[in-house]
Protein chains: 2
Amino acid sequence: MTTVSRVKRGRKFDQVLEGARTVFLRDGFDGASVDDITREAGVSKATLYSYFPDKRLLFLEVAKGECRRQAETAVEFDDTDSAPEMVLMIAGRRIAELASSDFGRSVFRVCVAEAERFPEVGHEFYKSGPGLVRQRLIAYLEGAIARGQLAIDDIPLAAAQFAELCRAEVHVRRLFHLDETFSAKRRDGIVRGAVEMFMSRYGVQRRD
Amino acid sequence: MTTVSRVKRGRKFDQVLEGARTVFLRDGFDGASVDDITREAGVSKATLYSYFPDKRLLFLEVAKGECRRQAETAVEFDDTDSAPEMVLMIAGRRIAELASSDFGRSVFRVCVAEAERFPEVGHEFYKSGPGLVRQRLIAYLEGAIARGQLAIDDIPLAAAQFAELCRAEVHVRRLFHLDETFSAKRRDGIVRGAVEMFMSRYGVQRRD
DNA sequence: CGGACAATAGACCGCTTGGTTCAGTTCCGG
DNA sequence: CCGGAACTGAACCAAGCGGTCTATTGTCCG
């Protein structure tokens, strides 16, 4: 049971955080009023302010939490023994999925909007999103090179390129509401294009 | 004393727009107060409101103007007869420059932040930025294919891929303040990587 | 030179915001 | 079932907001 430090101080702590999450991701920092948040959380203002000294800190807490959630959805590389085409296809799908999801879009939007005012949010976002993906891709690519499956000189660049290719169009068009959804099919086409391009540049042997 | 005998109506119109531009790009829509803008513009509130009925409309005007400015800086393709490597290298440099410039970053940030509240701003941004680049790239690629310089099946995808490759890392790292500047050298490296990748996928003949 | 009139500065208004306070209510372990 | 901590709801505050209004300035033309 979570009886240890749980019940100590704050029965409604999670409610507050959850409400803040909803409202901040929907309306941004300025767009969200504290009253909105309390209403959404089903909690009184005094309760909210008993947990968080001010709106700023509450926002930072939420933002960091969302970045952590984002990190959890990031790519992982398990079956590193398969052909790079397969591994990259699966990884690319994850990247494209996040880029086109409502969650990914909201977090991105809010972090971009507030990165000037809250630089730490910007860093956290990068570290838990694009940065983490990049890092894991690099690790995989190094392995694949060692295994003789790929030939890459500038590994960090290659990692960035692949990730960027998987987000091509998807990200931007979702951000600016040019497409409200991306079908798995359409996403797959883009990811396949990314893999083909990547392999034709860095693959050690041609395949038809 | 003003030696200028100008059109009476609108002496300070440009001042207002310029001040609004500065403040909106720096602080966003909510972050910018009308008083900030008048102060920056060196103009009174009544003057501002004699030109624009409200803050919303002023913002829209500024946003559209910035998108237009952005469009002016977009790639153009003149010397379409050179080798694709050269043409793409030059185009890619332009893309990477805009992505890493303060101007490009500010406009992007503000448009992302407000695309929810002002959908037209989002559309305008896409149309005058990534969309325009994409469109011109497509036109160029079609020509290059006709000339037998390239072999591409999905042209729009290829265009998106190239643009995205040129922005790899640059854009994201600037957005979230991981790098305050990108040297021309570093940018060139990324663009060169983009061109190499693009050519190894879509070039009709291999070159070493 | 002077009267008409548009452009201006900035005081002003109503309203919302973030944040505080407090008298009372609910919850829960002992 | 008691006592104290957690929670509530509403009232309240100062500050700042977008937007308006008026008194004043500057300019043009007869």
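Reminder, nothing fancy here: chain letters follow the sequence lines and each chain counts from 1.
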Distance under 6.0 Å and angle within 45° of ring axis: B:Arg56 vs B:Phe118: no

Lys NZ or Arg CZ of B:Arg136 over B:Phe77 ring: under 6.0 Å, within 45°: no

Test log, rule salt bridge (Lys or Arg N to Asp or Glu O under 4.0 Å), inputs A:Lys45 and A:Asp35: CA-CA 7 Å; A:Lys45 236 173 163 181; A:Asp35 287 302; 3.7 Å; yes

Under 3.5 Å donor-acceptor pair, A:Lys45 side-chain atoms to C:dG19 base atoms: yes

Side-chain N or O of [X] versus OP1/OP2 of [N]: is the shortest distance under 4.0 Å?
X: A:Tyr51; N: D:dC7; result: yes
X: A:Lys12; N: C:dC27; result: no
X: A:Thr47; N: D:dC7; result: no

Sequence neighbours excluded, every pair satisfying side chain to side chain donor-acceptor pair (under 3.5 Å) that has a member inside residues 126-135 of chain A: A:Gln70-A:Ser128, A:Tyr126-B:Glu169, A:Tyr126-B:Arg173, A:Arg134-B:Glu169

A:Leu48 CG - C:dT20 P separation (whole Å): 11 Å

Pair B:Tyr202 + B:Phe162: ring centers closer than 6.0 Å: no

Residues within residues 55-62 of chain A bordering DNA chain D, heavy-atom distance below 4.0 Å: none

Members of residues 28-40 of chain A that approach DNA chain C, where some heavy atom sits under 4.0 Å away: A:Ala32, A:Ser33, A:Val34

